[in-house]
Amino acid sequence: MGTDRDAGKNAKKKSWRDDDVCKHYLVWECPHDFFLDQAGRPAATSPLGPCKRQHLDAMKDRFERDKEAPKLRRRYLSALLGELRRLVADVDARLQHDKNRLRTGTSCSKETADAVGGGAV
């Protein structure tokens, strides 16, 4: 009952190797799934939005059964680690930028600026 259930006998079955399958989801978790609402949809305040690739348990199972999975798992986990580090660096940069804005009093009330150690303009 997967996405390829209606494929004919000669039709190519969906593979975990396809470009539209999320490799991060195959080996661990997709960063986009960190920001879901209670209904399991991307939260309105998500900085990443929805993942453009498919998250299918059937593909995860097929990946686990593949003989090349251990080698590819290392590659995909390394890519995921790089993506997570990039996301953390982006958040840190935005946080520092916002702190600097608040310290100078730009676009904030006097109370907010005083709370972060700056002064309101």
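Note that the coordinates shown come from a computational prediction; the quantities given were computed from them, not determined experimentally. Values below: every heavy atom of this structure, side chains too, minus hydrogens, waters and symmetry copies.
Residue F34 is grouped with residue L77 when hydrophobic side chains (ILVMFWY) are merged at heavy-atom distances under 4.5 angstrom, including chains of intermediate members. Put simply, L81 and V91 are part of two different groups of oily side chains (I, L, V, M, F, W, Y) that touch within less than 4.5 Å, one to the next. Taken together through direct or relayed side-chain contacts under 4.5 Å among Ile, Leu, Val, Met, Phe, Trp and Tyr, L80 and L36 form parts of separate hydrophobic clusters.
Ion pairing between a basic and an acidic side chain is recognised when a charged N comes within 4.0 Å of a carboxylate O; R62 and D66 show no such pairing. A salt bridge is absent between E83 and K23; no separation between the charged side-chain nitrogens and carboxylate oxygens falls under 4.0 Å. In this structure, D57 does not pair ionically with K60, as no charged nitrogen and carboxylate oxygen lie closer than 4.0 Å.
Side-chain contact check for W28 versus L84: some heavy-atom pair is nearer than 4.5 Å. No side-chain heavy atom of V21 sits less than 4.5 Å from a side-chain heavy atom of L56. A heavy-atom distance below 4.5 Å is found between the side chains of H24 and P31.
Atom-to-atom distance recorded for D90:CG and L48:CG is 9.5 Å, nearest 0.5 angstrom.
Checking side-chain atoms of N100 against main-chain N and O of H97 turns up no donor-acceptor pair under 3.5 Å.
Among pairs with a residue in residues 26-51, those fulfilling salt bridge (charged side-chain N to carboxylate O under 4.0 Å, His left out) read D37-R41, at least two apart in sequence or across chains.
Classification of the Y25-H55 ring pair by plane angle, with boundaries at 30° and 60°, yields parallel.
Between L72 and R17 the shortest heavy-atom distance is CD1-NH1, 4.2 Å. Taking each heavy atom of H32 and G49 in turn, the nearest pair found is ND1-O, 2.9 Å. Listed here is the closest heavy atom pair of A69 and F63: CB-O, 3.1 Å. Nearest heavy-atom pair, M59 versus W16, reported as atom, atom and distance to 0.1 Å: SD-N, 3.4 Å.
A side chain to side chain donor-acceptor pair (under 3.5 Å) with D20 is found for exactly one of K52, Q54, R53, namely Q54.
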